[in-house]
Amino acid sequence: MAKVKDSVWLIFGKATKLYFANIISFLKYMTFPVLGQFFGLLIVFGALFLYADNLPKFLVKNSVFDNFSMIFIILLIVILPGFLLFAKAFWDYLVAYGAVNSMLDGLMKSGKVYDFPAHTEVITRKSGKYIFLWALIGLLSIIAYFPLFWVIGFIMFIYFILVFQVFVYEPTKSVFGCFKKSVEIIKGNFARTLGLCVLVGALTCFIIPDGILFLLEKASVLKFI
């Protein structure tokens, strides 16, 4: 992975153009991973509500519910379908998070996004390493959650921001090698990387959501909902 010397605005502009030019393909790929989690949680909480709401009736009508262990076992059975849907969608989301980098590589070379299964396999054929990578990211995120480590955590976030790209583009590297390579790439480019993070954060957290809300309000969709 070579260091890129293009300006922050040029990189951001190219990336944004590629994203919106292929947004339909990306949306198709991410539909189940995102909506699957939502509906999985909806089913879980819906089932919990119905079970809790009707539990007093069950206690009166059936003596089997006099046993707390049985109540808990039935509770697990009730929420299992929604949980399995959420778990499957969540894993697919994590895989897609990495596979999108492979898609970008194909997009840069061929000018289009295609063959989703092949890009997905780039991640799934190394599932063990990928899970370990996410586990380390999760551990570091938990540490950075404490106020004492906010500054250190933020700096670590910038230096480790390319670990998933390294994982995809340099498949022979170990998990720790991915972190090391990310640090090597970011060295001397910290300010530029920070600038890109700010621009991407503004686009994804404010500009796009607020733009969608504005359009929904103008179309009176929010009032209908």
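Quick caveat, the model's predicted, so the values are computed rather than measured. The analysis underlying the following values was restricted to heavy atoms, covering all of them including side chains, and did not include hydrogens, waters or symmetry mates.
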_Does atom OH (Tyr93) have a neighbourhood of more than 12 heavy atoms from anything else shown, all under 6.0 Å?_
no
_Any heavy-atom pair between the side chains of Phe116 and Ser25 that's under 4.5 Å?_
yes
*Would you check if Phe154 and Cys197 make a side-chain contact, meaning some heavy-atom pair closer than 4.5 Å?*
no
*Measure across Gln37 and Phe86 and return the closest heavy-atom pair with its distance rounded to 0.1 Å.*
O-CD1, 3.6 Å
_Can you tell me how far apart NZ (Lys28) and CG (Asn22) are? Round to the nearest 0.5 Å._
11.5 Å
*asked:* Same cluster or not: Tyr97 versus Phe38, using hydrophobic residues (I, L, V, M, F, W, Y) connected whenever any side-chain heavy atoms lie under 4.5 Å apart?
replied: no
*Ring centres of Phe90 and Phe83 under 6.0 Å apart?*
no
*Find the distance between CD1 (Ile186) and CD1 (Ile158) and round it off to the nearest 0.5 Å.*
7.5 Å
*Kindly check if the number of other-residue, nucleotide or ligand heavy atoms within 6.0 Å of CZ (Phe190) is above 12?*
yes
*Which pair of non-hydrogen atoms, one from Lys129 and one from Val175, has the smallest distance, and what is that distance?*
O-CG2, 3.4 Å
*Just by modelled atom types, is the Phe49 backbone N or O under 3.5 Å from a matching donor or acceptor in the Asp53 side chain?*
no
*If the plane angle is over 60° it's perpendicular, under 30° parallel, otherwise tilted; pick one for Phe179 and Phe160.*
perpendicular
*Out of curiosity, Asp105 CG to Gln165 CD, how far, rounded to the nearest 0.5 Å?*
11.5 Å
*Heavy-atom count around Phe20 CZ within 6.0 Å, excluding the residue itself: above 12?*
yes
*Donor-acceptor under 3.5 Å (Ser127 side chain, Thr124 main chain)*: yes
*For residues Val166 and Ser182, report the shortest heavy-atom separation together with the two atoms involved.*
CG2-N, 4.2 Å
_Donor-acceptor pair, side chain of His119 and main chain of Tyr114, under 3.5 angstrom_ = yes
*Could you tell me the separation between the CG atom of Leu133 and the SG atom of Cys178, rounded to the nearest 0.5 Å?*
6.0 Å
*asked:* I want to check something: taking the side chain as every heavy atom from C-beta on, are Tyr169 and Leu104 in contact at a cut-off of under 4.5 Å?
replied: yes
*Taking side chain as C-beta onward, heavy atoms only, is Phe32 less than 4.5 Å from Phe39?*
no
*asked:* I want to know whether Trp134 and Phe164 have ring centres closer than 6.0 Å.
replied: yes
_For Met108 against Leu18, the heavy-atom pair lying closest together_ = SD-CD1, 3.5 Å
*Phe58 versus Ile71: any side-chain heavy-atom pair under 4.5 Å?*
no
_Phe149 vs Met156, test: side chain to side chain contact (heavy atoms under 4.5 Å, CB included). Steps then yes/no._
CA-CA 10 Å; Phe149 299 105; Met156 287 169 50; over 6 Å; no
*Cluster question for you: counting only ILVMFWY and a side-chain heavy-atom cut-off of under 4.5 Å, with indirect links fine, are Met30 and Ile23 together?*
yes
*Mind checking whether Tyr29 and Val113 have side chains closer than 4.5 Å, heavy atoms only?*
no
_With rounding to the nearest 0.5 angstrom, report the CG to CG distance, Leu194 to Leu199._
9.5 Å
*Quick one: does Val78's side chain get under 4.5 Å of Leu48's, heavy atoms only?*
no
_Whether the side chain of Lys126 engages the backbone of Phe167 through a donor-acceptor N/O pair (distance < 3.5 Å, no angle test) should be reported._
yes
*In terms of hydrophobic clusters joined by side-chain contacts under 4.5 Å, are Phe68 and Leu76 together?*
no
*Could you tell me the separation between the OG1 atom of Thr193 and the CD1 atom of Ile161, rounded to the nearest 0.5 Å?*
7.0 Å
_same_hphob_cluster(Phe132, Leu94) at 4.5 Å side-chain heavy-atom cutoff_ = yes
*Quick one: closest heavy-atom pair of Val95 and Ile123, and the distance?*
O-CG1, 3.7 Å
*Would you say Ser141 and Ile137 make side-chain contact, with heavy atoms under 4.5 Å?*
yes
*What are the two closest heavy atoms between Gly36 and Ala89, and how far apart are they?*
C-CB, 3.4 Å
*asked:* Starting from Ile73, can I reach Leu84 by hopping between I/L/V/M/F/W/Y residues whose side chains sit under 4.5 Å apart?
replied: no
